[in-house]
Amino acid sequence: MESITLEKQKTPFTQGLLAGSSIAIGYIPAALTFGLLAKSTGLAFWETLAMSLFVYAGAAQYMALNLLAIGTGAFEIIFTTFIVNIRHLLMSASVRERVEEDRPLIKALYSFGITDEVFAVTTTQEGTVKTGFVIGVSLIAYASWTVHSAVGYVVGAILPASLQQSMSIALYAMFIALLVPSLKKQRKIVVLAASAALFNSIFSLFLPSGWSIIAATLLSAAGIEWVAGKGGRQQ
């Protein structure tokens, strides 16, 4: 009975911090790895920290490192990041429907902190979600990602130069690790990945690397959705 009373006495913000602590812990290895790879890619400490502070998108940040490593221009990186993160528009809109009414500035604040994990924790709450709860979940996850990105960079700076250079291989291993679980779940993802790789190989013959990735991504995604939609209508 006492524990229930204490639980009720916690503010929504405190409850959000507690609910988001598991996300914060889960972000530690990914953020440390990002910091290490950013150092091996050639980014300065402040550039690495600024990317985590202002971009705050794990997969997109890893992708940006790869594009920077091959000399892709700024516009291509920004546009590719937009494509990768466009799902956040839908997630933020969904969270907005579950959270209590508040000022536009507050809405923008917690929308910036919406990640896949924060979205999952927030939308599984019962009833109307308090603004303080969303901010608490987002804040502890955001703090973990940015702080451990910086720690990873500092650790990377201590490593021998030869080991720092070899860390670039880990970037490709990270992409494979992100892709393989999805490949096991859906045949559609296998076709999407294979077609994107094929289109990129073709486009890279006459397009800059950044634009070839963008064109391959858009074409393969549109093609898969068109085929899937056509198959559904025939059924």
Side-chain angles (χ1 to χ4, degrees), residues 14-70 77 80-81 83-85 87-88 91-92 95 110-124 133-186 189 193 213:
T14 303
Q15 293 175 357
L17 290 176
L18 293 174
S21 60
S22 58
I23 301 176
I25 295 172
Y27 278 177
I28 292 176
L32 290 173
T33 304
F34 170 74
L36 287 167
L37 294 177
K39 178 66 177 68
S40 65
T41 304
L43 268 65
F45 175 79
W46 67 268
E47 291 172 327
T48 303
L49 185 58
M51 186 180 288
S52 288
L53 283 171
F54 299 114
V55 179
Y56 185 45
Q61 289 181 226
Y62 282 112
M63 177 200 64
L65 290 182
N66 185 44
L67 294 176
L68 287 170
I70 60 179
I77 294 175
T80 307
T81 301
I83 294 173
V84 171
N85 286 340
R87 70 188 187 283
H88 287 271
M91 289 195 295
S92 296
V95 170
Y110 67 65
S111 293
F112 173 78
I114 298 298
T115 63
D116 296 335
E117 296 78 12
V118 172
F119 173 78
V121 170
T122 302
T123 54
T124 53
F133 181 86
V134 183
I135 293 177
V137 176
S138 302
L139 181 61
I140 192 170
Y142 179 65
S144 176
W145 180 263
T146 53
V147 169
H148 290 100
S149 294
V151 172
Y153 188 96
V154 173
V155 172
I158 300 174
L159 296 175
S162 58
L163 187 56
Q164 290 182 29
Q165 295 173 358
S166 65
M167 284 296 294
S168 59
I169 301 174
L171 185 59
Y172 299 99
M174 178 65 70
F175 277 114
I176 294 173
L178 292 171
L179 182 61
V180 168
S182 298
L183 294 177
K184 292 179 178 179
K185 293 179 181 179
Q186 298 186 40
I189 303 298
I213 293 173

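Because the structure is predicted, anything quoted here is derived from the model rather than measured.
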- Message: Please tell me whether T115 and Y27 have a donor and an acceptor in their side chains that are separated by less than 3.5 angstrom.
- Response: yes
Could you give the side-chain donor-acceptor pairs of residues 42-51 under 3.5 Å, partners two or more places apart or in another chain?
{"unit_1": "E47", "atom_1": "OE1", "unit_2": "A44", "atom_2": "N", "d": "2.7"}
{"unit_1": "T48", "atom_1": "OG1", "unit_2": "A44", "atom_2": "O", "d": "3.1"}

Of the non-hydrogen atoms in [X] and [Y], which two are nearest, and what is the gap between them?
X: L17; Y: G136; answer: CD2-O, 3.4 Å
X: L18; Y: S21; answer: O-OG, 2.7 Å
X: V137; Y: A19; answer: CG2-CB, 4.2 Å

Is there a donor-acceptor pair under 3.5 Å between the side chain of [X] and the backbone N or O of [Y]?
X: S40; Y: L37; answer: yes
X: S144; Y: A141; answer: no
X: Y56; Y: Y142; answer: yes
X: T124; Y: V121; answer: yes

Supply the atom-to-atom distance [X] [atom1] to [Y] [atom2], rounded to the nearest 0.5 angstrom.
X: T146; Y: F54; atom1: OG1; atom2: CZ; value: 11.0 Å
X: Q15; Y: F133; atom1: CD; atom2: CZ; value: 7.0 Å
X: T41; Y: L65; atom1: OG1; atom2: CG; value: 4.5 Å
X: Q61; Y: L68; atom1: CD; atom2: CG; value: 11.5 Å
X: I23; Y: I140; atom1: CD1; atom2: CD1; value: 9.0 Å
X: E117; Y: S138; atom1: CD; atom2: OG; value: 11.5 Å

- Does the side chain of R87 come within less than 4.5 Å of F119's, by heavy atoms? no
- So do V118 and Y110 actually touch side chain to side chain, heavy atoms under 4.5 Å? no
